[in-house]
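Numbering of ligands and ligand atoms starts at 1, following listing order.
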Amino acid sequence: MLITLEGLDGSGKTTVWEALHDVYSDATFTREPTNSWYGDAVYRSLSDPDADPLAELFLYTADHANHLSETVEPALADGDLVISDRYSDSRFAYQGATLARADVDIERPLEYVRGVHAAFSRPPDATIYLDLDPKTAAERAGRTDKFERDGYLAAVGENYERLIDADPGRFHRVDATRSPEDVIARVEAIVANLVER
Ligand SMILES: Nc1ncnc2c1ncn2[C@@H]1O[C@H](COP(=O)(O)OP(=O)(O)OP(=O)(O)O)[C@@H](O)[C@H]1O
Ligand SMILES: Cc1cn([C@H]2C[C@H](O)[C@@H](COP(=O)(O)O)O2)c(=O)[nH]c1=O
């Protein structure tokens, strides 16, 4: 089973992902961007304020393709529980928002990014969405890269809402304004329910 954690920057994904290690010690824990050289290329693009938005989409997508073939698919084939901190929905939400603001002639960016993945990607079985308003998310993230302004995060959040509306059975929304302890407890209950099914 593939479970993904999604949400805005600073919503608490990594905090939850780390807490889940203690409960599911046999699971495969992974993340995007990955620790591979593809992931390094993504971070290099992220640090460049003039990076081309389409080129950046394809760097993230290359990282995802390698993540799938090197980590996710082999682990699933072994029957592992796979828990990923960010996955394809991050691309749909973030690059969908980036392309909507960019000077590119793509009419429906979110659908375009989904289409790029359709031929090869493997959708998650379940996705936990850590729901946090963009202002708090930007404050918590406390970083200065180009994705962490609250206006941009508001557009990303709207894209997440579209994804949830399109596939409500896959998403599990968790109120990320609660304390870390409450959020972790809620996520652990959701994951326990999912793996017991
Ligand atoms: N529920 C919470 N309430 C308040 N602060 C939190 C909560 N969860 C995490 N934090 C804090 O917010 C910051 C961001 O948390 P974390 O790194 O887990 O988020 P993230 O979603 O993985 O962020 P990013 O996507 O930017 O890597 C950290 O300082 C963390 O301690
Ligand atoms: C996977 C992925 C990530 N992003 C963005 C989201 C963050 O601002 C950065 C780095 O991710 P991290 O979890 O904070 O380390 O990248 C993105 O725009 N598209 C993606 O597919």
Note to self: When you compare the side chains of Thr136 and Asp133, does any donor N or O come within less than 3.5 Å of an acceptor on the partner?
What the structure shows: yes
Within 4.0 Å of some non-hydrogen atom of Pro180, the atoms of ligand 1 are 1 (N), 2 (C), 3 (N), 7 (C)
Logged contact type for Gln95 with ligand 2, heavy-atom cut-off 4.0 Å, is side chain
Note: Leu46, heavy atoms under 4.0 Å from ligand 2, region reported as side chain
State whether the number of non-hydrogen atoms from other residues, nucleotides or ligands found under 6.0 Å of Arg186 atom CZ is greater than 12.
-> no
Here the atoms of ligand 2 under 4.0 Å from any heavy atom belonging to Asp9 are 6 (C), 7 (C), 8 (O), 14 (O)
Ranking Thr15, Asp85, Val183 by closest non-hydrogen atom to atom 9 (C) of ligand 1, top hit is Thr15
- Task: Could you tell me how the ring of Phe120 sits relative to the ring of His117: parallel (under 30°), tilted (30 to 60°) or perpendicular (over 60°)?
- Result: parallel
A student comparing Glu18, Glu181, Glu139, Arg140 should find that the heavy atom closest to atom 10 (N) of ligand 1 comes from Arg140
Logged contact type for Arg86 with ligand 1, heavy-atom cut-off 4.0 Å, is side chain
Near Arg178 (heavy-atom distance under 4.0 Å), the atoms of ligand 1 are 1 (N), 2 (C), 3 (N)
Quick note on ligand 1: atoms under 4.0 Å from a heavy atom of Ser179 include exactly 1 (N)
Check: of Ala19, Ala176, Gly7, Gly12, min heavy-atom distance to atom 19 (O) of ligand 1 comes from Gly12
